[in-house]
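Whatever order the structure lists ligands and atoms in, that order sets their numbers, starting from 1.
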Amino acid sequence: MGPFDTSRVAVPGEPGATPPKLRTGLRSRHLLSVGDLEGDEISLIFDTAEAMKEIELRPIKKVPALRGKTIVNLFYEPSTRTRTSFEIAEKRLSADSLNVAVAGSSMVKGETLFDTARNLEAMAPDMIVLRHQASGAPFQLASICRAGVINAGDGMHEHPTQALLDGFTIRAHKGQIEGLKIAIVGDLLHSRVFRSNLLLLRALGAEVWVCGPPTLIPPGIERFGVTATTRLDEAAEGADVIMMLRIQRERMLGHFVPSLREYFMVYGLTVERVERAKPDVIIMHPGPMNRGVEIASEVADGPYSVMLDQVANGVAVRMAVLYLLAGNPDEM
Ligand code: CP
């Protein structure tokens, strides 16, 4: 029974209800890197996310778990999925949340992240969700803030909640992660989603293959216990999961692929290439995807695609992360 299944009627505000006990478990008040999470913490996040999914089925999709908490969503880079799912998650947990849009703030006048954070901090938020173009920015923020900091994507470094929702989605479809052949394909070099997934999936015992053009595979990646190949057919052969990554042209300072048309010919996931994988393979993509570049529309919209499950699970996983971080009474 999860933290919100406490007899279903145990929701504060409802007649006869007793407040749900906050279940603590995350050792830090911040979520900056998947590498900071122990295996039991990852399992706790997944199990808590299962309980959160039950809330989505209720006529009133709201619980008072974070009532009185203030959460600032501070996004310096564009986002569709992460920003909206954090905001929905915060509202479903009854937190007071606000979005700081870079275009409408004093950041356009040259204010630094440090000064912006110090001024936001003066208004006593409990948590700050930060997306920033600089790798390491959430670590800097955490070092100067009393508020808990959640990394919603920092440069080319990490995107921990994306990896958690990916792992949660794989577990939901496959029952487990240990022993699965998971092929991660595309622009590995510039991908924070890849880095967080690498840490998560290896920690959970997956057999991770990585595939892309030689220019987009980080040198020495085998040291992390993965098998690297430049041949997509080899990566896809017998795979349980194929995770496609976007070519991140906005982060490229040179020419890494001859042309997008040629890239699709060699590394685009087509129906024929999917047929090399296990019959029950699932196809994942963190979004936003470039149809006809890393993935064919027939695959993206096909029967093996779980991309919209990933998006749906993003809300439950982010609810779980917010709930567990806020439930750390020693730190908040
Ligand atoms: N997957 C992901 O981070 O998507 P957004 O950039 O839309 O948030």
Side-chain angles (χ1 to χ4, degrees), residues 31-34 45 49 71-92 97-103 127-138 141 149-170 172-173 182 184-201 212 216 241-252 269 282-291 293-295 299-301 305-322:
L31 177 56
L32 304 176
S33 163
V34 169
I45 292 169
I71 304 177
V72 177
N73 301 314
L74 185 56
F75 277 64
Y76 284 78
E77 276 193 335
S79 168
T80 299
R81 283 145 288 268
T82 310
R83 194 177 60 75
T84 50
S85 63
F86 263 113
E87 196 178 343
I88 291 171
E90 289 153 9
K91 288 183 181 347
R92 290 202 174 147
S97 65
L98 62 123
N99 298 313
V100 180
V102 170
M127 280 189 254
I128 299 176
V129 179
L130 176 69
R131 169 167 289 192
H132 200 278
Q133 62 275 14
S135 300
L141 195 66
V149 175
I150 299 178
N151 181 358
D154 61 327
M156 302 193 305
H157 178 233
E158 274 216 50
H159 193 350
T161 57
Q162 178 69 45
L164 287 164
L165 75 88
D166 291 339
F168 181 76
T169 303
I170 295 170
H173 280 272
I182 301 179
I184 308 179
V185 182
D187 183 355
L188 306 158
L189 188 66
H190 300 98
S191 176
R192 56 195 176 203
V193 174
F194 164 60
R195 266 172 258 286
S196 287
N197 263 300
L198 177 62
L199 294 171
L200 184 97
L201 297 173
L216 293 177
V241 178
I242 302 177
M243 185 184 293
M244 300 306 293
L245 299 174
R246 182 173 66 89
I247 289 279
Q248 303 207 15
R249 277 175 286 177
E250 75 277 19
R251 297 194 204 281
M252 291 183 180
L269 191 63
I282 57 171
I283 308 298
M284 307 180 76
H285 194 306
M289 70 176 141
N290 291 312
R291 292 171 182 265
V293 178
E294 68 264 8
I295 191 164
V299 176
D301 303 326
S305 170
V306 298
M307 293 174 205
L308 293 179
D309 289 359
Q310 290 172 264
V311 177
N313 289 335
V315 175
V317 166
R318 287 174 176 127
M319 286 172 78
V321 166
L322 291 164

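Proximity of E77 to ligand 1, defined as any heavy-atom pair under 4.0 Å, is not found for any part of the residue.
Judged purely by distance below 3.5 Å, without hydrogens or angles, the side chains of Q310 and H285 never pair a donor atom with an acceptor atom. Between S97 and E87, the side chains place no donor N or O within less than 3.5 Å of an acceptor N or O (distance only, hydrogens not considered). A donor-acceptor pair shorter than 3.5 Å can be found between the side chains of D309 and H173.
Looking only at protein heavy atoms, the nearest one to atom 4 (O) of ligand 1 is R81 NE, 3.1 Å. Among protein heavy atoms, the minimum distance from atom 2 (C) of ligand 1 is reached at T82 OG1, 3.5 Å. At the top of the distance list for atom 6 (O) of ligand 1, counting protein heavy atoms only, stands R131 NH1, 2.9 Å. Among protein heavy atoms, the minimum distance from atom 1 (N) of ligand 1 is reached at P286 O, 2.9 Å. Of all protein heavy atoms, the one lying nearest to atom 7 (O) of ligand 1 is T80 N, 2.7 Å.
Atoms of ligand 1 found under 4.0 Å from any heavy atom of Q162 (numbered from 1 in listed order, with element): 1 (N), 2 (C). Listed by number with element, the atoms of ligand 1 under 4.0 angstrom from any heavy atom of H159 are 2 (C), 3 (O).
In this structure, G287 counts as a contact residue of ligand 1, since one of its heavy atoms falls inside 4.0 Å of the ligand.
The cationic atom of R131 (NZ for Lys, CZ for Arg) does not lie both less than 6.0 Å from the six-membered ring centre of F75 and within 45° of the ring axis.
Under a 4.0 Å N-O distance rule, the pair R192/E77 qualifies as a salt bridge. Taking a cutoff of 4.0 Å between a charged side-chain nitrogen and a carboxylate oxygen, R195 and D154 do not qualify as a salt bridge.
Two residues are said to be in side-chain contact when any heavy atoms from C-beta on lie closer than 4.5 Å; V129 and E90 meet this criterion.
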